[in-house]
Amino acid sequence: MRTISRVFIIGNGVAGAENQCFGLVRALGLSHRQTLFRVIRPKGGINKRLQWLPVSLHKRLENVRRLIYGDPLPTQIAVRGHKLLSLAAERQVSSDILEANAKHIAALSCEAFAKDGPSLVVASGRDTISISSSIKQLAPEYVFTVQIQHPRSRLNRFDLVITPRHDYYPLTPEGQKQIPWFLRRWITPRTSPERHVILTVGALHQADSNALKDAADTWHDELATIPKPLLVVNVGGPTGHCRYGTDLAVELTALLLNIVPTCGSIRVSFSRRTPSKVSDIIWKELGNHPKVHIWNGQGPNPHMGHLAFADAFVITADSVSMLSEACSTGKPVYVIGAERCTWKFRDFHQSLKNRGVVRPFLGKEDISESWSYSPLNDTKEAAAHVITALAERGWGLPS
């Protein structure tokens, strides 16, 4: 049996999408073999309004614009943090993130196969679909491709697709009722999941038991001695299918003040998507409360430490990722704003509620009282499916 020698992660620069790739590779025990490549779109100016275009077309239009205005054409680049480096420097700094190029990655896979064994390609997000599918087309005998999140069409371009069950909401009777008949042929997916499609409840992530143990050690001095119970509040930001503004911030702070007497400590974190008008209200209403600590975005992100030490969570309904992580801990998870979610995201919240892993945050809870449920285990289960699919091909993981 040949074993996987290298892992190529194709990212899109979105933390939530790339975190799913890292989580799956971690669950497979292959993190030490991974290399991250990133799909990079043109930035600035009118490019902000062209994010809906396919990446290849977007880049062609940007090159035309540069030719018209006399700007130099971009060269292939490597990304390190917020710093851009030429490929000449890439070999000198192993932590660089290369711009994803299907031909280059396919060539690397062919070379690795001859020397060490097959490669695993793991990608997530709309912008990565063309790259991962092209790698599969260019080197079908040398790679195994896993596409995370539903690619919408031609799923046979990938060896395995891992996607949340609620992506198939349009096929349910409830979903069909919400789609005008003349639009149904344009709404995807249009067919039931095929054999190589693995359905999850939520998003994949890296917050497994070992990661939480490491986080407990790292954050011990800061979090182990604070008064209990510890309530962690994670605030995301509005999305197209979960809209809110200052109204939710006002509601959240009022409900938190109601349950403060039942808490030893409350720690609040915002995401990159949190609008300032939302965070400003929370800072104003809770910033000076002796039991409340709000992370100001400076220094190490306490997110993993919060997952490790929290006794309960309150999470805004917009973030599938944050909810998936919290619901994998087995600790009480309260959700605020689920009634504002529409379409498949309402279905996602209903599935969590049906499984008993979340409850609505009403401001009447006693945080010192715990409740239990069967934690979500999507990442580990998805990894098991990958191992099975590899075995069917005569491949395996290194021992």
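Just so you know, these numbers use all the heavy atoms, side chains as well, and skip hydrogens, waters and symmetry mates. Here, residue 1 is the first one in the sequence, and each next residue gets the next number.
Hydrophobic clustering, with ILVMFWY side chains joined whenever heavy atoms are under 4.5 angstrom apart, groups F313 together with V292.
Using a 4.5 Å cut-off on side-chain heavy atoms (C-beta onward), V278 and L248 make no contact. You'll find the side chain of V55 stays beyond 4.5 Å of the side chain of I40, heavy atoms only. Counting heavy atoms from C-beta on, the side chains of L138 and K103 come closer than 4.5 Å. Counting heavy atoms from C-beta on, the side chains of H241 and C341 never come closer than 4.5 Å. Side-chain contact between L223 and R267 is present, with at least one heavy-atom pair separated by less than 4.5 Å. Contact check for Q149 versus R126: no side-chain heavy atoms found under the 4.5 Å cut-off. Using a 4.5 Å heavy-atom threshold, the side chains of V335 and I315 count as separate.
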Name the atoms and distances for all side-chain donor-acceptor pairs under 3.5 Å in residues 256-263, with sequence neighbours left out.
unit_1 : atom_1 : unit_2 : atom_2 : d
T262   : OG1    : I259   : O      : 2.8
T262   : OG1    : I367   : N      : 3.1

Kindly list each side-chain donor-acceptor pair under 3.5 angstrom involving residues 375-387, sequence neighbours excluded, with atom names and distances?
unit_1 : atom_1 : unit_2 : atom_2 : d
D378   : OD1    : V201   : N      : 3.2
D378   : OD2    : V201   : N      : 3.2
D378   : OD2    : G202   : N      : 2.8
T379   : OG1    : H205   : N      : 3.1
T379   : OG1    : H205   : O      : 3.4

Under 3.5 Å, side-chain donor or acceptor atoms of residues 354-365 against the rest of the protein: list the pairs with distances, not counting sequence neighbours.
unit_1 : atom_1 : unit_2 : atom_2 : d
N354   : OD1    : Q350   : NE2    : 2.9
N354   : ND2    : Q350   : O      : 3.3
E365   : OE1    : G363   : N      : 2.9
E365   : OE2    : L362   : N      : 2.7

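Side-chain contact of T163 with D167: a donor-acceptor pair under 3.5 Å is present, judged by distance alone.
Y244 places a side-chain N or O within 3.5 Å of a backbone atom of G237 that can act as its donor or acceptor partner. Remark: the backbone N or O of Q298 is paired with a side-chain donor or acceptor of W295 at under 3.5 angstrom. With hydrogens and angles ignored, the 3.5 Å screen pairs no side-chain donor or acceptor of K344 with any backbone N or O of P170. Judged purely by atom type and a 3.5 angstrom limit, T253 uses its side chain to pair as donor or acceptor with the backbone of A249. Put simply, the side chain of N12 never gets that close to the backbone of V39: no donor and acceptor are under 3.5 Å apart. A donor-acceptor contact shorter than 3.5 Å is absent between the side chain of T3 and the backbone of P398. In terms of modelled atom types and a separation under 3.5 Å, the side chain of K331 and the main chain of A308 share a donor-acceptor contact. N47 places no side-chain N or O within donor-acceptor distance of the main-chain N or O of G45, the cut-off being under 3.5 Å. Remark: the backbone N or O of A203 is not paired with any side-chain donor or acceptor of T200 at under 3.5 angstrom. With hydrogens and angles disregarded, a donor-acceptor distance shorter than 3.5 Å links the side chain of R157 to the backbone of R154.
Of the residues listed (V146, V7, I9), the one engaging C21 in a side chain to side chain contact (heavy atoms under 4.5 Å, CB included) is I9, and it is the only one. When Q178, R346, E174 are each tested for a side chain to side chain donor-acceptor pair (under 3.5 Å) with Y169, only one passes: Q178.
Around the CH2 atom of W181, the shell of radius 6.0 Å holds no more than 12 heavy atoms that belong to other residues, nucleotides or ligands. Within 6.0 Å of NZ on K284 lie no more than 12 heavy atoms contributed by other residues, nucleotides or ligands. By the 6.0 Å contact criterion, CZ on R243 is open, its count of non-hydrogen atoms from other residues, nucleotides or ligands being 12 or less. Residue-environment remark: CD (Q176) exceeds the threshold of 12 foreign heavy atoms within 6.0 Å. In this structure, I46 places its CD1 atom where only 12 or fewer heavy-atom neighbours from other residues, nucleotides or ligands lie under 6.0 Å away.
When hydrophobic residues (I, L, V, M, F, W, Y) are linked wherever their side-chain heavy atoms come within less than 4.5 Å, the members clustered with L171 are I129, L155, F158, V161, Y168, V197, L199. Grouping Ile, Leu, Val, Met, Phe, Trp and Tyr by side-chain contacts under 4.5 Å, direct or through others, leaves M1 on its own. Cluster partners of V250, using a side-chain heavy-atom cutoff of under 4.5 Å among ILVMFWY residues and allowing indirect links, are I281.
Classification of D159 and R393 as a salt-bridged pair holds, one side-chain N sitting under 4.0 Å from a carboxylate O. Between D311 and K228, at least one side-chain nitrogen of the basic residue sits less than 4.0 Å from a carboxylate oxygen of the acidic one, meeting the salt-bridge criterion. Residues R340 and D247 are paired through a salt bridge, judged by an N-O separation under 4.0 Å between the basic side chain and the carboxylate. Using a 4.0 Å cut-off between charged nitrogen and carboxylate oxygen, R6 and E111 do not count as a salt-bridge pair.
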Would I4 and R33 count as a side-chain contact (heavy atoms from CB on, under 4.5 Å) here? Give the steps. CA-CA 9 Å; I4 296 296; R33 296 174 183 264; 5.6 Å; no
Please assess F345 against W343 for the test ring-ring contact (aromatic ring centres under 6.0 Å, His included), listing each intermediate value before the final yes or no. CA-CA 6 Å; F345 297 99; W343 193 230; 9.5 Å; no
With side-chain contact (heavy atoms from CB on, under 4.5 Å) as the test, would you mind laying out the steps for E18 and L36 before giving the verdict? CA-CA 9 Å; E18 292 184 356; L36 173 62; 4.2 Å; yes
Show, in sequence, the C-alpha distance, side-chain angles and deciding distance for F22 and L24, and conclude whether the side-chain contact (heavy atoms from CB on, under 4.5 Å) test is met. CA-CA 6 Å; F22 294 133; L24 179 63; over 6 Å; no
Yes or no on side-chain contact (heavy atoms from CB on, under 4.5 Å) for N296 and W283, after CA distance, side-chain angles and deciding distance? CA-CA 10 Å; N296 62 6; W283 272 105; 4.1 Å; yes
Go through it in stages, so that I can follow the logic: the residues are K136 and E141, the test is salt bridge (charged side-chain N to carboxylate O under 4.0 Å, His left out), and I'd like the CA-CA distance, side-chain angles, deciding distance and then a yes or no. CA-CA 8 Å; K136 172 67 175 176; E141 298 178 359; over 6 Å; no
Between H349 and E339, is a side-chain hydrogen bond (donor to acceptor under 3.5 Å, both in side chains) present by the stated rule, with each step listed? CA-CA 9 Å; H349 284 285; E339 71 282 355; over 6 Å; no
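Between H104 atom NE2 and L98 atom CG the span is 5.5 Å, to the nearest 0.5 Å. D208 CG to K213 NZ: the interatomic distance, rounded to the nearest 0.5 Å, is 9.5 Å. Atom OG of S132 is separated from atom CD of Q147 by 3.5 Å, given to the nearest 0.5 angstrom.
Taking each heavy atom of R273 and S319 in turn, the nearest pair found is NH2-CB, 3.9 Å. When all heavy atoms of S276 and S279 are compared, the pair lying nearest together is O-OG, 3.2 Å. Across all their heavy atoms, T128 and I10 have their closest contact at CG2-O, 3.5 Å. Residue L57 comes nearest to L53 through the heavy atom pair CD2-CD2, 3.9 Å, listed as atom of the first residue, atom of the second, then distance. Of all heavy-atom pairs between G236 and P275, the closest is O-CD, 4.4 Å. Between C110 and A139, the shortest heavy-atom distance links the atoms SG-CB, 4.1 Å.
Classified by interplanar angle (parallel below 30°, tilted 30° to 60°, perpendicular above 60°), the ring pair F113/W395 is tilted.
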